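Keep in mind it's a predicted model, so treat the numbers as computed, not measured.
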Amino acid sequence: MSWDGDALIAIDQRALPHQLRQLRITTVDDVVEAIKTLAIRGAPAIGIAGAFGVVLAAFGYPRDAEKVRLEAARIASARPTAVNLAWGVHRALARLPEGPQAVLEEALQMLAEDAQVNRAAAIHAADLIQRLCPDRPLRVLTHCNTGRLATTAFGTAIGALRVLHARGQIENVVVDETRPLLQGARLTAWELAEAGIPHRLTIDSAAAWAMATGGVDCVIVGADRVAADGSVANKIGTYGLAVAARRHGIPFIVVAPESTRDLATPTGREIVVEERGADEITHVGGVATAPEGTAVFNPAFDVTPPELITAVVTENGVVSHATAPDQDAGPSPNASPPNTLVGQQVVDIARGLYARGWMAGTAGNISVRTGDAAVITGSGLSKGELTAHDLVTVTIADSQPVSGTRRPSAETTIHTAVYRATGAHAVVHVHPPHATAQSIGAPKVLRFSGYELIKGLGATETIDIPVFANHSDVARIGADIERQLTEHPDATPVLFIAGHGITAWGASLAQARDRAECLEAMCELVTLSGRREIGLHTDRAEPE
């Protein structure tokens with residue numbers, strides 16, 4: 001995109017990939033038509049185009065400020081979802097009292113800034129992705145088009161792919177074709193080929209399967225509007241990708257300029273989603289693909305809630321969803337937790353257990369499975385002061401963190417071992433006093449019998465609970481637990497770690513907590529009765 005004396009010059013994106021054709025735009029009508037028909041598209045690009053539309057109006061009506069404002073309003077309403085359009089129009093219009101030349105200077109300044117902003121955001125996003133997915137060439141999935149066509153230079157999400165490719169960190173990019181207008185197939189594939197970045201095109205409905213079969217390490221997309229709560233409006237299909245990424249424990253990164261963040265819109269519910277004409281669905285390349293008269297549902301965008309988003313990245317780095325950005329592109333201490341609903345459940349139960357003295361100081365940890373990942377409490381934190389922002393998402397397969405601002409708990413490998421070996425959806429590791437005391441010097445298995453509480457652990461009269469050695473290498477404890485549970489799939493859903501508390505799991509966080517409570521209550525009865533339970537093995541599971 002460029003300014004040529006009295007006209008805006010832009011690539012006609014409707015003609016790609018078959019023809020590289022330029023538009024010469026000289027009137028406000030031309031600007032509105034180009035934006036509505038997607039000849040110019042992409043949130044940053046239409047923001048700059050909107051500013052030059054105001055330039056054309058200012059020079060067209062040099063002594064009629066009211067007419068210029070009316071034209072500006074018409075431009076701003078050309079597409080309702082992308083906030084950048086109104087931002088660009090209003091920024092240029094603010095210079096109108098100084099005359100048309102001042103409006104032009106502002107638009108030219110915005111054009112120059114766009115390249116700088118995109119490159120900065122792209123570098124921050126690339127840095128973040130390498131932190132989340134270190135030490136391997138990446139398979140990255142992207143949706144729609146976020147390159148220089150959607151901006152004016154370099155690109156946002158595709159800009160990050162350019163940076164990663166230059167660093168030798170891209171194995172392959174999976175490109176969603178992006179129905180119904182195929183911006184991925186027509187535009188993104190064209191841009192990636194132009195940049196020499198290896199890529200494969202896929203149908204939108206194959207993306208989740210690509211994640212399920214290990215073909216995607218990270219999802220990266222752009223945005224048309226980011227609400228104050230961190231909800232992201234983007235090309236239709238983005239929400240489904242975020243759901244699939246969450247299910248498979250894959251980072252979901254949004255890259256956009258600060259001009260796309262809209263703190264005046266409180267939540268995603270207030271974002272107006274544009275609906276477009278039926279022909280975009282019923283016809284492909286002008287050829288009818290549906291019966292004549294078929295009714296359609298054709299939203300151009302969807303809105304992804306913040307709990308499904310690993311990070312929103314702008315030129316200022318990784319930003320929180322409703323507060324100031326973190327200037328060094330590191331994880332913001334105010335960033336949204338990996339999963340808001342799950343996070344609050346973990347916090348509530350952790351605080352309750354802390355109040356009972358079962359998670360004294362910084363001891364103990366809680367996790368919840370989220371697909372192929374788990375949300376777990378961070379390391380070195382008092383559970384009495386825990387917040388949803390202190391949680392970390394880790395992959396179940398290898399315990400590696402994928403999102404969050406803290407280090408995962410030291411006992412993460414114990415939690416992931418349980419998830420790998422069982423169908424558990426939540427794990428609680430706590431240090432209740434009676435159960436911990438019973439585990440010290442205990443044999444490898446403790447048998448409990450005659451207690452009504454046994455029923456809370458899924459047994460009737462007698463239950464055998466393993467006691468694992470407390471190795472200094474916590475990963476070794478996890479390996480022992482995984483091996484035991486794999487070999488004994490019907491094992492009780494609780495266990496002891498000698499001198500190191502108990503671990504319980506279940507189909508929900510509440511069930512895991514209840515099972516820990518049952519075990520502690522039985523151990524308290526043993527303590528009160530002065531009775532030692534029967535050990536099934538004479539060798540001990542003492543700490544090393």
Side-chain angles (χ1 to χ4, degrees), residues 1 11 13 15-20 41-45 114-179 181-204 206-207 209-211 213-223 234-235 237-238 241 245 250-257 310-311 313-315 329:
M1 192 176 293
I11 292 174
Q13 297 186 38
L16 290 169
H18 306 298
Q19 183 181 2
L20 182 58
R41 49 145 298 282
D114 190 60
Q116 300 169 1
V117 162
N118 293 341
R119 189 174 292 275
I123 291 171
H124 289 317
D127 292 344
L128 173 64
I129 290 169
Q130 286 190 266
R131 289 200 299 271
L132 296 176
C133 307
D135 304 325
R136 64 180 185 271
L138 299 169
R139 288 85 49 85
V140 184
L141 187 146
T142 193
H143 190 66
C144 198
N145 173 258
T146 55
R148 64 185 183 89
L149 293 170
T151 59
T152 64
F154 202 68
T156 53
I158 288 180
L161 297 179
R162 289 176 180 270
V163 173
L164 290 168
H165 176 63
R167 295 175 180 176
Q169 293 299 306
I170 292 291
E171 177 180 314
N172 200 269
V173 178
V174 179
V175 180
D176 272 357
E177 63 177 358
T178 317
R179 284 283 294 151
L181 295 178
L182 303 175
Q183 289 101 322
R186 294 189 302 107
L187 307 178
T188 295
W190 182 79
E191 285 201 57
L192 294 178
E194 182 186 52
I197 299 174
H199 59 281
R200 293 185 296 166
L201 183 66
T202 189
I203 58 174
D204 295 5
W209 184 242
M211 297 182 204
T213 53
V216 177
D217 298 309
C218 179
V219 179
I220 185 168
V221 299
N234 194 49
K235 175 66 181 178
T238 302
L241 291 176
I250 294 170
F252 186 90
I253 310 298
V254 177
V255 189
T310 304
V313 184
T314 75
E315 65 269 29

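Here the CD1 atom belonging to Ile170 is positioned 9.0 Å from the CG atom belonging to Leu192, to the nearest 0.5 angstrom. Leu182 contributes atom CG, which lies 13.0 Å from atom CG of Leu16 (distance to the nearest 0.5 angstrom). Between Leu164 atom CG and Ile158 atom CD1 the span is 12.5 Å, to the nearest 0.5 Å.
Residue Ala45 comes nearest to Thr151 through the heavy atom pair CB-O, 3.1 Å, listed as atom of the first residue, atom of the second, then distance. Taking all atoms of both residues into account, the shortest heavy-atom contact from Met211 to Leu241 is CE-O, 3.7 Å. In terms of heavy atoms, Gly222 sits closest to Ala157 at N-CB, 4.1 Å. In terms of heavy atoms, Thr146 sits closest to Thr188 at N-OG1, 4.5 Å. Here the closest heavy-atom approach between residue Gly155 and residue Ala122 is recorded as O-CB, 4.3 Å. Taking all atoms of both residues into account, the shortest heavy-atom contact from Ala160 to Ala126 is O-CB, 4.1 Å.
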side-chain contact (heavy atoms from CB on, under 4.5 Å) evaluation trace for Arg162 with Glu191: CA-CA 10 Å; Arg162 289 176 180 270; Glu191 285 201 57; 3.7 Å; yes

Audit row: Phe252, Leu141, side-chain contact (heavy atoms from CB on, under 4.5 Å) steps and yes/no: CA-CA 10 Å; Phe252 186 90; Leu141 187 146; over 6 Å; no

Working for side-chain contact (heavy atoms from CB on, under 4.5 Å), residues Arg167 and Gln130: CA-CA 10 Å; Arg167 295 175 180 176; Gln130 286 190 266; 2.5 Å; yes

Stepwise side-chain contact (heavy atoms from CB on, under 4.5 Å) check, Thr202 with Val175: CA-CA 6 Å; Thr202 189; Val175 180; over 6 Å; no

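Side-chain contact check for Val163 versus Phe154: some heavy-atom pair is nearer than 4.5 Å. Residues Val216 and Val140 fail the side-chain proximity criterion, which asks for heavy atoms closer than 4.5 Å. For the pair Cys133 and Gln169, the minimum side-chain heavy-atom distance is 4.5 Å or more. Looking at heavy atoms from C-beta onward, Val254 lies out of side-chain contact with Thr310 at the 4.5 angstrom threshold. Looking only at side-chain heavy atoms (C-beta outward), Thr314 and Pro257 stay at 4.5 Å or farther from each other. In this structure the side chain of Leu128 reaches within 4.5 angstrom of the side chain of Ile253, judged on heavy atoms. Residues Lys235 and Thr178 meet the side-chain proximity criterion, which asks for heavy atoms closer than 4.5 Å.
Checking each of Val219, Asp176, Val174, Ile220 against His143 for a side-chain contact (heavy atoms from CB on, under 4.5 Å) leaves exactly one that passes, namely Asp176.
Gln13 places a side-chain N or O within 3.5 Å of a backbone atom of Leu149 that can act as its donor or acceptor partner. Put simply, the side chain of Arg186 gets close to the backbone of Leu181: a donor and an acceptor are under 3.5 Å apart.
Looking only at atom types and distance, the side chain of Asn118 has no donor-acceptor partner in the side chain of Thr156 under 3.5 Å away. There is a side-chain donor-acceptor pair under 3.5 Å between Arg41 and Asn145.
Salt-bridge formation is detected for the pair Arg139/Asp217: a Lys NZ or Arg NE/NH1/NH2 atom is positioned less than 4.0 Å from an Asp or Glu carboxylate oxygen. Using a cutoff of 4.0 Å between basic side-chain nitrogens and carboxylate oxygens, Arg148 and Glu194 are scored as salt-bridged. Salt-bridge formation is not detected for the pair Arg119/Asp114: no Lys NZ or Arg NE/NH1/NH2 atom is positioned less than 4.0 Å from an Asp or Glu carboxylate oxygen.
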